[in-house]
Protein chains: 2
Amino acid sequence: MAGRRKTPIESEIIEPQSCTVHLRLHILKQLPFFKDLPDEAISQINALFRAEGCEAGKFIYFAGDPGVSLYVVAQGKIKLLRHAVTGQEVVLGILLPGEFFGSLPVLGEDTHPDTAQAHTTGCVLTITGDDFQKILQQYPGVSLAMLEIVSARLREAREIIHQLSASSVESRLAATLLKLASKLGKTQNDELLIQLPLSRQDLADMTGATVETISRTMSQFRKQKLIDSGRRWVAITDRDGLKEIAGL
Amino acid sequence: MAGRRKTPIESEIIEPQSCTVHLRLHILKQLPFFKDLPDEAISQINALFRAEGCEAGKFIYFAGDPGVSLYVVAQGKIKLLRHAVTGQEVVLGILLPGEFFGSLPVLGEDTHPDTAQAHTTGCVLTITGDDFQKILQQYPGVSLAMLEIVSARLREAREIIHQLSASSVESRLAATLLKLASKLGKTQNDELLIQLPLSRQDLADMTGATVETISRTMSQFRKQKLIDSGRRWVAITDRDGLKEIAGL
DNA sequence: CGCTGCCTTGATCTTCTTCAAAACGTGTGG
DNA sequence: CCACACGTTTTGAAGAAGATCAAGGCAGCG
């Protein structure tokens, strides 16, 4: 039977500084924008990156900070967000190992447009704007790969704009859960568990609603047997049902 | 005194097919991603583009259409939008001459994620995905320039997400008007006129509100002497006042 | 004129927020 | 192992913002 249980999320045990050289190479090699480069290029590029451990909750940078670095997630999950004047937070995305964030003078940015926070304990790799510029000049394919990724993110952002403009909290929450599940869901006895500690507050910040409204909607979803959830975790039990509510 | 007057917008008189070779070269040359290329490269690239005239209201493509072309606005204004299941529309942006839109297999897209419509009569230039791919390979600087532009659009989109999640219709409308004014505003006896026929419906679609709410808010702004407006036009009279409402 | 499409305004209803309080889970220290 | 404390979640009731429904007004155009 379904129903609230203890948290089923397997927490990654990580010592903040555990970014071994081996892991770094592995991460860099499989980055979408480096994956076509030969091994020796990767090692050369690796030397330009600096590792930085970060505990859950740590802010990596704040919106408005002068931004001259690019970051790559090596371990853990990073949350991109913006603060509103009201103190409210808006979550713009959650990044997994292998994804990049930050900003670059190359991209016409001189300060970070949003805040980055470690959502779970992990480790990020940093490169300076100047060094990255060198890579771009040396390997033209890299900028094309980045273009692809940024385009995908733009499409994603527009999808969210569409939802925020035209859908109810109910649909938005359903869509958000489905998106999270497809990104970091793990099948676990008939359910699709979202492998990420996720509070109601987080979901509220992702959907542009309040904690209370999210809690109510989640309770309703639970009654409808669409999801299963507890303290800081969610699992999807009826994917099609949620899709229906999300508006396909 | 201020107050409603006849439409002060100067309509561009354009014969749909008036895209002369001279104009095409001029447009292409000043495109942000071609501007560093030598003249002979531009003429060579020009040969790959096809011109297409479009009357106001004409749909250039619909969301979901298989997308294998990139477009560049030569004359007029193009509106990017999405339809909601409810029939509601969401405007994602308005593009001026020199801006590009559409999608490309290169960018990981195989169907258009949104609809493009001529907002005023104008002319667009088209290039096939394959041909554009050739340009990218031949001139690596182009993909870097495109990366810059797409990054800027992503930032813009995230800004809108932030607003939709955390601000009232009042702030959103103020911010939208300011953005439009900075993009296509013209100073005209003490006012900043937005050079674009703009209905209440358009503004509603841009801010995620209804026509009625926009109309009410505009009336309020007019009473507060922040703007001046009439049938399908708007001018800003108190920029700082609007900025205040937009939340700086 | 009188039509057609855009804009405005009012009244009512729905959705979501806000405020408030209670219940539950988890980790901690006895 | 238990009990307590804290942060998270839940639920209720009241209120506000905006949507919806419904009329009427005004500009531009044949």
Side-chain angles (χ1 to χ4, degrees), chain A residues 3-11 13 56-57 84 86-90 119 163-174 176 196-223 227-235 245, chain B residues 3-9 11 56-57 84-90 119 163-174 176 196-224 227-235 245:
Chain A
R4 265 71 85 34
R5 296 154 308 176
K6 304 279 174 68
T7 183
I9 299 204
E10 58 182 53
S11 61
I13 289 94
T86 57
Q88 197 176 349
E89 282 187 358
V90 178
H119 190 258
Q163 280 184 7
L164 285 171
S165 310
S167 312
S168 63
V169 170
E170 202 186 17
S171 328
R172 262 145 53 203
L173 178 58
T176 302
L196 177 82
L198 202 61
S199 70
R200 302 291 180 271
Q201 184 65 62
D202 290 327
L203 284 169
D205 294 343
M206 285 184 225
T207 51
T210 57
V211 196
E212 293 94 331
T213 302
I214 292 298
S215 179
R216 279 182 245 271
T217 312
M218 296 276 285
S219 301
Q220 175 200 320
F221 282 179
R222 221 184 293 123
K223 270 183 208 130
I227 64 167
D228 197 0
S229 75
R231 185 192 172 88
R232 284 165 78 77
W233 68 269
V234 191
I245 290 174
Chain B
R4 262 72 85 36
R5 298 153 307 177
K6 305 277 174 72
T7 182
I9 300 205
S11 62
V85 270
T86 57
Q88 195 176 350
E89 282 187 358
V90 178
H119 189 257
Q163 279 183 9
L164 285 171
S165 310
S167 311
S168 63
V169 170
E170 202 185 17
S171 325
R172 263 146 51 204
L173 178 58
T176 302
L196 177 81
L198 202 59
S199 71
R200 301 292 180 269
Q201 185 64 61
D202 291 327
L203 284 169
D205 293 343
M206 285 185 224
T207 51
T210 57
V211 196
E212 294 94 332
T213 303
I214 292 298
S215 179
R216 278 182 246 271
T217 312
M218 296 275 287
S219 300
Q220 176 199 318
F221 283 179
R222 221 182 294 122
K223 270 182 207 132
Q224 297 169 206
I227 64 167
D228 198 358
S229 75
R231 185 193 173 88
R232 284 166 77 75
W233 67 270
V234 191
I245 290 173

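Per chain, numbering begins at 1; letters A, B, ... match sequence-line order.
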Parsed dot-bracket for DNA chain C after applying the Watson-Crick and G-U rules with both distances under 3.5 Å and | for other-strand partners is |||||..|||||||||||||||||||||||

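Atom CG of B/L173 is separated from atom C1' of D/dA17 by 15 Å (rounded to the nearest Å). In this structure, A/L164 atom CG and C/dC16 atom P are separated by 12 Å, rounded to whole Å. Note: CG (A/D205) to P (D/dT8) measures 12 Å, nearest angstrom. Computed from coordinates, the B/D202 CG to C/dC7 C1' distance equals 13 Å when rounded to whole Å. If you measure from atom CD of B/Q201 to atom P of C/dT4, you get 20 Å, rounded to the nearest angstrom. Protein atom CD of B/Q220 is 13 Å distant from nucleotide atom C1' of D/dG18, rounded to whole Å. Atom C1' of nucleotide D/dA27 and atom CZ of B/R232 are separated by 12 Å, given to the nearest angstrom. To the nearest angstrom, C1' of D/dT9 lies 17 Å from CZ of A/F221.
In this view, A/Q220 and A/E170, A/Q224 satisfy the side chain to side chain donor-acceptor pair (under 3.5 Å) rule, not counting sequence neighbours. Judged as a side chain to side chain donor-acceptor pair (under 3.5 Å), and not counting sequence neighbours, the contacts of B/S168 are B/S171. Residues passing the side chain to side chain donor-acceptor pair (under 3.5 Å) test with B/E89, sequence neighbours excluded: none. Residues that satisfy the side-chain contact (heavy atoms from CB on, under 4.5 Å) test with A/Q201, not counting sequence neighbours, are A/S199, A/A204, A/D205, A/V211. Applying the side-chain contact (heavy atoms from CB on, under 4.5 Å) criterion to A/T176, with sequence neighbours excluded, gives A/L180, A/L203, A/M206, A/T207. With sequence neighbours excluded, the residues that form a side-chain contact (heavy atoms from CB on, under 4.5 Å) with A/A84 are A/T86, A/Q88, B/H162, B/A166. For the side chain to side chain donor-acceptor pair (under 3.5 Å) test, residues two or more places apart in sequence or in another chain that qualify with A/T213 are A/T210.
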Tabulated below should be each protein N or O lying under 3.5 Å from an N or O of nucleotides 2-7 of chain D; please produce it.
from: D/dG7; atom 1: N2; to: A/R231; atom 2: NH1; distance (Å): 2.7

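Interface residues of residues 210-218 of chain B facing DNA chain C, ordered by number: B/E212, B/S215, B/R216; criterion, heavy-atom separation under 4.0 Å.
For the atom pair B/R200 CZ and B/S219 OG, the distance stands at 7.5 Å (nearest 0.5 Å).
Within the structure, every side-chain polar atom (N or O) of A/S219 is placed at least 4.0 Å from both OP1 and OP2 of D/dT9.
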Pair A/T217-A/R172, side-chain hydrogen bond (donor to acceptor under 3.5 Å, both in side chains): steps then yes or no:
CA-CA 11 Å; A/T217 312; A/R172 262 145 53 203; over 6 Å; no

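Between B/V234 and B/S229, the closest heavy-atom pair is CA-CB, 4.1 Å.
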